[in-house]
There are 2 protein chains.
Amino acid sequence: MTEKQENILSAALTLFAEQGFAATSTNKVAKAAGVSEGLIFRHFKNKEGLLAAIFEMVTERTKVILADVVMTNDPKEVIYKILELPFVINPRDYRMWRLIYAMKWQIQQYNTEKMEPVKLAAKNAFEKLGYDNPEAESELLLMLLDGAATAILLHEPRDKEAVLLAMKEKYKH
Amino acid sequence: MTEKQENILSAALTLFAEQGFAATSTNKVAKAAGVSEGLIFRHFKNKEGLLAAIFEMVTERTKVILADVVMTNDPKEVIYKILELPFVINPRDYRMWRLIYAMKWQIQQYNTEKMEPVKLAAKNAFEKLGYDNPEAESELLLMLLDGAATAILLHEPRDKEAVLLAMKEKYKH
DNA sequence: TTTTATAGTGAGTAATCACTTGCAAATGTA
DNA sequence: TACATTTGCAAGTGATTACTCACTATAAAA
């Protein structure tokens, strides 16, 4: 991976996240990355290939982040760790997550699959804790996770700490 | 509002929701609506004007839907009605909501303002019920609402009824 | 009847789109 | 050194883009 390749990926990630994939021309990406437009196609074949490369990068990162949750044994800790996820995102990664969340509405497969192991871990935790309907509870937890992440990425709630506390409260017993 | 104007708005709504605003050409909209391309610009000035007209339509509809929640007095009923919102969406309105939720990531102002009265009603309800931090609780409730709506619009959870039940359970006391 | 206004068309327009090509410079590798 | 490969650029390509313009159709008002 040369420096210019990285520049292209970084510029594309920013622009795709800010303006959307379709609204971002390869010309804009090239200018933002400080390279010729042709180089994008040399390295990534076409515009979709560029998006695919970004998603590959993203998938690797998310695997690392989510691994900790899935490997946890204590059921209550699993739930708490899932709830904490959106609150411990590194602000440097915001553009990455914004891209993922925005693309969800255009491309289906990318997001749901990625969270499947988390959902399974949650379901398992709820089973261990004796919840009435672990399947529904895990579905609900992922909805909450999604909603919290959206709020943080879009309008940064005033008192994040208090919101997290209120969330955990709902899963005390 | 002539029939062709309505056709344009309806076709644009569908296409914008399915493929995104930027990825939908005015040519496509005209063909789907069965009118000449020029007519779009006669009635809506430009492509953004078309989007603005759609959002105006949408804003009127949401006002009607949300009015019922805001006018409710009993605090527990307010919370339940907010939670139920995503579950009682008319499937015919799915494309409308998908467009709104997708556009959230490109245009900021449209969505947050619209939910402000709901958030206020929720905060008021939590205050009446003696919750520790009504501000944080109302923020959390809106996150949950957002997450639930997203799940329903994107991948239609298996047992919606059970999820709603689990949600209400969290606000029993 | 003439005028005015609105609704609608279809063929343009310049600009921008994703993408290709030919060629030069840099970088390995023997 | 010589040669092969990769990296990079500039200048293209045809297709598509949002939008304009000159024009017609309909119909109500003057």
Side-chain angles (χ1 to χ4, degrees), chain A residues 1-58 95 98-100 102-103 105-110, chain B residues 1-58 95 98-100 102-103 105-110:
Chain A
M1 180 90 81
T2 64
E3 196 190 322
K4 302 216 170 188
Q5 267 186 76
E6 278 171 14
N7 287 348
I8 292 170
L9 280 175
S10 173
L13 176 54
T14 303
L15 290 172
F16 288 171
E18 279 173 5
Q19 324 180 4
F21 175 71
T24 304
S25 67
T26 50
N27 181 4
K28 275 188 220 160
V29 174
K31 275 182 180 158
V35 301
S36 69
E37 203 179 341
L39 194 60
I40 293 173
F41 296 92
R42 159 127 299 156
H43 284 311
F44 304 101
K45 192 180 173 189
N46 53 32
K47 199 184 168 187
E48 282 209 15
L50 178 55
L51 184 64
I54 291 175
F55 268 108
E56 212 167 308
M57 227 173 60
V58 164
R95 56 177 191 160
R98 284 204 188 99
L99 176 64
I100 295 174
M103 290 303 298
W105 299 93
Q106 250 72 254
I107 304 167
Q108 274 92 331
Q109 74 212 70
Y110 279 121
Chain B
M1 181 92 80
T2 65
E3 197 190 321
K4 302 217 169 187
Q5 266 186 75
E6 278 171 14
N7 287 348
I8 292 171
L9 281 175
S10 173
L13 176 54
T14 303
L15 290 172
F16 288 171
E18 279 173 4
Q19 322 179 4
F21 174 71
T24 304
S25 66
T26 50
N27 181 3
K28 276 189 219 159
V29 174
K31 275 183 181 159
V35 301
S36 68
E37 204 179 341
L39 193 60
I40 293 174
F41 297 92
R42 159 127 300 159
H43 285 311
F44 304 102
K45 192 180 175 192
N46 52 33
K47 200 184 168 188
E48 282 208 14
L50 179 54
L51 184 64
I54 291 175
F55 268 108
E56 212 167 306
M57 227 173 59
V58 163
R95 56 178 190 161
R98 284 203 188 101
L99 176 63
I100 296 174
M103 291 303 297
W105 298 94
Q106 250 74 254
I107 304 168
Q108 277 93 332
Q109 75 211 73
Y110 279 121

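Order of the sequence lines sets the chain letters (A, B, ...), proteins ahead of strands, with each chain counted from 1. FYI, side chains are in, hydrogens and waters are out, and symmetry mates aren't considered; it's all heavy atoms of this structure.
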Quick note, ring pair (Phe, Tyr, Trp, His ring centres under 6.0 Å) partners involving residues 28-50 of chain B, not counting sequence neighbours, are none
Between side-chain atoms of residues 10-23 of chain A and protein atoms elsewhere (two or more places apart, or another chain), which donor-acceptor pairs fall under 3.5 Å?
{"from": "S10(A)", "atom 1": "OG", "to": "R95(A)", "atom 2": "NH1", "distance (Å)": "3.4"}
{"from": "T14(A)", "atom 1": "OG1", "to": "S10(A)", "atom 2": "O", "distance (Å)": "3.1"}
{"from": "T14(A)", "atom 1": "OG1", "to": "R95(A)", "atom 2": "NH1", "distance (Å)": "2.5"}
{"from": "Q19(A)", "atom 1": "OE1", "to": "K28(A)", "atom 2": "NZ", "distance (Å)": "3.1"}

What residues 6-30 of chain A contributes to the DNA chain C interface at heavy-atom separation below 4.0 Å is T24(A), S25(A), T26(A)
Rounded to the nearest 0.5 Å, the CZ atom of R42(B) sits from the CG atom of L39(B) at a distance of 8.0 Å
Below 3.5 Å, can you tabulate the donor-acceptor pairs from side chains in residues 1-9 of chain B to any protein atom, sequence neighbours excluded?
{"from": "T2(B)", "atom 1": "OG1", "to": "Q5(B)", "atom 2": "N", "distance (Å)": "3.3"}

From CD1 of I40(B) across to P of dC19(D) the rounded distance in Å is 10 Å
The reported gap from CE in M103(B) to CZ in F55(B) (rounded to nearest 0.5 angstrom) is 5.0 Å
Chain A reaches DNA chain C, atoms under 4.0 Å from its heavy atoms, from dC17(C) to dT20(C)
Per-nucleotide protein contact along nucleotides 5-11 of chain D, 5' to 3', at a 4.0 Å heavy-atom cut-off (B base, S sugar-phosphate only, - neither), is --BBB--
Exercise. Taking C-beta and beyond as the side chain, do L51(B) and I107(B) meet within less than 4.5 Å on heavy atoms?
Worked result: yes
Between the OG atom in S25(A) and the CD atom in E37(A), the distance rounded to the nearest 0.5 Å is 7.0 Å
dist N27(A):CG -> S36(A):OG (nearest 0.5 Å) comes out at 11.0 Å
Here the distance between atom P of dT17(D) and atom CG of N46(B), to the nearest Å, is 17 Å
